[in-house]
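Structure, as structure tokens:
All values reported here derive from a predicted model rather than from experimental measurement. Numbering starts at 1 and runs along the sequence shown.
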Amino acid sequence: MLKEPTRRIRFLTQDEARRLLDEERKLRWVHPDQAKARRAIAVPLNGEALAIRAEATRRTPTHVFSFRGKPIVQVSSRAWYGALRRAEIKYFRWHDLRHTWASWHVQNGTPLFVLQELGGWESVEMVRRYAHLAADHLAPVPID
């Protein structure tokens with residue numbers, strides 16, 4: 001890198017700072033204490049996730065998932081099982097959402113090494129344990 005001039009003056013304008021923060025806010029981190037592998041995981045947020053987070057922030061500024069303004073600490077709750085019953089979904093656990101997320105990524109073409117980083121898995125074997133192709137993805141493609 002080139003040597004920095006000793007009298008260089010550069011700082012962000014308020015507009016630049018706002019734009020930079022808007023870009024930085026499209027990424028969230030899972031703290032190592034909350035990750036199974038005990039290392040931080042960067043989670044990029046798409047437009048839908050940003051909209052959900054914005055709505056949640058209006059209700060409570062500190063947590064995306066809350067109930068009556070308090071963070072949800074137990075996910076396998078009566079509310080979860082009630083929602084599954086109303087949606088007529090059977091034999092589904094909270095942790096199966098991680099399998100769903102990984103499977104949808106693979107089915108939409110996310111490379112396994114990218115999914116490994118996104119999911120915070122130590123090995124490709126762990127990615128394969130979570131990511132599954134749907135039966136229609138395994139069917140042969142007809143040649144016209």
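Hydrophobic clustering, with ILVMFWY side chains joined whenever heavy atoms are under 4.5 angstrom apart, groups I89 together with L97. Cluster membership for F113 and V124, using ILVMFWY side-chain heavy atoms within less than 4.5 angstrom, is shared.
Considering every non-hydrogen atom in both Q107 and H132, the closest pair reads NE2-O, 2.9 Å. Closest heavy-atom contact between E117 and I41: O-CG2, 4.1 Å. Listed here is the closest heavy atom pair of A40 and W29: CB-CE3, 3.9 Å. Closest heavy-atom contact between L115 and A131: CD2-CB, 3.8 Å. Across all their heavy atoms, N108 and W104 have their closest contact at ND2-O, 2.8 Å.
A donor-acceptor contact shorter than 3.5 Å links the side chain of R98 to the backbone of G119. Of the possible donor and acceptor atoms, one in the side chain of Q116 sits under 3.5 Å from a partner among the backbone N and O of E122.
Counting heavy atoms of neighbouring residues, nucleotides and ligands inside a 6.0 Å radius, atom CD of E16 exceeds 12 of them. The number of heavy atoms from other shown groups lying within 6.0 Å of CZ (R28) is above 12.
Two residues are said to be in side-chain contact when any heavy atoms from C-beta on lie closer than 4.5 Å; V106 and S103 fail this criterion. Considering only heavy atoms from C-beta on, L118 stays 4.5 Å or farther from V43 through its side chain.
Side chain to side chain, H105 and Y130 fail the donor-acceptor criterion of an N or O pair below 3.5 Å.
E48 is linked by a salt bridge (Lys or Arg N to Asp or Glu O under 4.0 Å) to nothing, counting only residues two or more places apart in sequence or in another chain.
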Name every donor-acceptor pair, under 3.5 Å, that has one atom in a side chain of residues 75-88 and the other anywhere in the protein, sequence neighbours excluded.
from	atom 1	to	atom 2	distance (Å)
S77	OG	A79	N	3.4
S77	OG	W80	N	3.4
R86	NH1	G82	O	3.3

Identify all side-chain donor-acceptor contacts of residues 51-59 below 3.5 Å with residues at least two apart in sequence or on another chain.
from	atom 1	to	atom 2	distance (Å)
R53	NH1	R25	O	3.1
E55	OE1	R58	NE	3.3
E55	OE1	R58	NH2	3.3
T57	OG1	R53	O	2.7

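Aromatic ring centroids of H99 and F92 lie 6.0 Å or more apart.
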